[in-house]
Amino acid sequence: MQAGALYRLVRDRFRNAGVADPEPDAKLLVSTLLGIGISDLLLDASREVDAARVREIEEKASLRIGGMPVGRILGEREFYGRRFLLNSATLEPRPDTETLIDAVLRATSPDLPITLWDIGTGSGAIAVTLLAELPRSRAIAIDLSETALACAMENARQHGVADRFHPLCADYLEALDAGDGSGPDWIVSNPPYIRSSVLERLSPEVIDHDPRLALDGGENGLDAYTALIPQSARFLRPDARIALEIGYDQALTVEKQLRQHGLGEIEIIKDLAGKDRVALARKI
Ligand code: GLN
């Protein structure tokens, strides 16, 4: 079968099954499994695909129809123009989180030798991206899960930043010593922020495949901020900054918590959908 026809077959199966984004999902699945770029599905549509490969792609398409996101099927997801490997302990990085990357990059310079702490690093998408974009920076990437840290470390290797990437298995900042004045220039985090009661209502793509630990923010969705804002405030030296991903309705509460702990110059930044998504603040 030809690549173009195979793409159309998968797309039409997705459409008929009611998959939410049939075209992009079919393009990504088929092109990645063929080892070609998405544009090659059009430019090189007559490329022959052998029968075994067609069967493999059809089987993977069935997994998507069964509710598994394409990123999980492929074991990788693109974030800020780079591919990130995933495993069972890592959230699939979302485009929303690119808003946090842009906010940090706007507020710093690639010439500075800054230190970053990424709390709940997961696949390492935030820490690895910032290390790649800021070539003089170093990061401590913290996660409660060793399985997630192994994935993050592999992503750091793949993107050539492993020598500046330091994984640490810990519960937020509890293992770190606030007394020695060695706090970072930036604390960054995309913590779990979904209300426990809302979790069950998320689509099967999310709730059946993203780890609960990376999503569940407790009864009011704010447990992570309540723990990590006061901890972070102890480590941040005057002028150091924090960038937190937040839920669309959490800006007011998070802003209040930041102020209560001596952080100012608070900025709430919206994502591409126009929803509040990132809180930036500076220790004053
Ligand atoms: N943005 C994710 C979602 O809506 C949630 C990520 C998180 O809790 N940090 O599924």
Side-chain angles (χ1 to χ4, degrees), residues 79-80 93-122 124-142 164 172-174 176-194 217 220-284:
F79 179 76
Y80 217 81
R94 317 280 208 259
D96 292 343
T97 307
E98 296 181 342
T99 304
L100 185 150
I101 302 290
D102 282 332
V104 175
L105 293 179
R106 262 200 311 275
T108 188
S109 153
D111 303 328
L112 295 174
I114 59 167
T115 52
L116 308 152
W117 291 358
D118 178 16
I119 306 178
T121 197
I126 295 177
V128 170
T129 300
L130 289 173
L131 288 173
E133 299 289 330
L134 301 169
R136 299 192 62 205
S137 61
R138 310 189 74 79
I140 297 182
I142 300 162
R164 296 181 285 124
Y172 298 128
L173 302 178
E174 271 171 16
L176 294 161
D177 180 5
D180 64 3
S182 62
D185 300 298
W186 278 94
I187 287 178
V188 292
S189 183
N190 174 18
Y193 57 69
I194 310 281
N220 58 12
L222 295 161
D223 283 5
Y225 306 106
T226 305
L228 74 83
I229 290 175
Q231 289 184 17
S232 300
R234 292 203 340 254
F235 284 94
L236 292 171
R237 285 168 275 129
D239 248 16
R241 281 181 281 191
I242 186 165
L244 298 172
E245 181 164 328
I246 57 172
Y248 69 94
D249 56 354
Q250 293 172 331
L252 279 179
T253 325
V254 170
E255 194 171 336
K256 199 164 132 207
Q257 290 186 346
L258 288 165
R259 269 189 220 297
Q260 271 169 359
H261 291 91
L263 293 139
E265 286 185 29
I266 298 168
E267 211 185 319
I268 302 295
I269 298 163
K270 293 187 191 301
D271 62 21
L272 289 177
K275 294 187 173 148
D276 289 345
R277 188 58 62 197
V278 175
L280 274 192
R282 188 193 288 276
K283 181 78 174 270
I284 41 182

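- Side-chain atoms of Leu222 and Val254, non-hydrogen and from C-beta on, do get closer than 4.5 Å to each other.
- For the pair Ser189 (side chain) and Leu244 (backbone), a donor-acceptor distance under 3.5 Å is absent.
- With a 4.5 Å cut-off on side-chain heavy atoms, Tyr80 and Thr97 do not count as touching.
- Considering only heavy atoms from C-beta on, Tyr225 comes within 4.5 Å of Ile246 through its side chain.
- Between the CD1 atom in Ile119 and the CG atom in Asn190 there is a gap of 11.5 Å [rounded to 0.5 Å].
- Residue Arg277 comes nearest to Tyr248 through the heavy atom pair NH1-N, 4.0 Å, listed as atom of the first residue, atom of the second, then distance.
- Here the closest non-hydrogen pair linking Leu258 and Ala279 is CD1-CB, 4.1 Å.
- The nearest pair of heavy atoms linking Ala103 to Val278 is CB-CG1, 4.5 Å.
- The side chain to side chain contact (heavy atoms under 4.5 Å, CB included) test with Ile242 is passed by exactly one of Val188, Leu263, Ile266, Leu280: Leu263.
- In terms of heavy atoms, Pro93 sits closest to Ala125 at CB-CB, 3.9 Å.
- Nearest approach of Ala224 to Pro192, heavy atoms of both residues: CB-O, 3.6 Å.
- For the atom pair CD1 of Ile140 and OG1 of Thr115, the computed distance is 8.0 Å after rounding to the nearest 0.5 Å.
- Rounding to the nearest 0.5 Å places CD of Gln257 at 9.0 Å from CG of Leu228.
- We find the CZ-CG distance between Arg164 and Leu134 to be 8.5 Å, quoted to the nearest 0.5 Å.
- Note: Arg234 CZ to Leu176 CG = 9.5 Å, rounded to the nearest 0.5 Å.
- Surrounding CG of Leu272 are at most 12 heavy atoms belonging to other residues, nucleotides or ligands under 6.0 Å away.
- A distance-only check finds a donor-acceptor pair linking the side chain of Lys283 to the backbone of Ala233 [under 3.5 Å].
- The residue from Tyr172, Phe235, Trp186 that alone fulfils the ring-ring contact (aromatic ring centres under 6.0 Å, His included) condition with Trp117 is Phe235.
- For the pair Arg282 (side chain) and Asp239 (backbone), a donor-acceptor distance under 3.5 Å is present.
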- request: Determine, stepwise, if the pair Leu173 / Ile187 fulfils side chain to side chain contact (heavy atoms under 4.5 Å, CB included).
  value: CA-CA 10 Å; Leu173 302 178; Ile187 287 178; 4.2 Å; yes
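- To the nearest 0.5 Å, atoms CD (Glu265) and CD1 (Ile284) are separated by 7.5 Å.
- In this structure, the side chains of Thr121 and Ile126 stay at 4.5 Å or more apart for every pair of heavy atoms.
- In this structure, Pro191 and Glu245 approach most closely via the heavy-atom pair CD-O, 3.7 Å.
- Within the 4.5 Å cutoff, no side-chain heavy atoms of Asp118 are placed close to those of Leu130.
- Applying the side-chain hydrogen bond (donor to acceptor under 3.5 Å, both in side chains) test to residues at least two apart or on different chains, the pairs with a partner in residues 126-142 are Arg82-Glu133, Arg138-His166.
- Residues Ile269 and Arg106 have side chains in contact (heavy-atom distance under 4.5 Å, counting atoms from C-beta outward).
- No side-chain donor-acceptor contact under 3.5 Å links Thr108 to the backbone of Val104.
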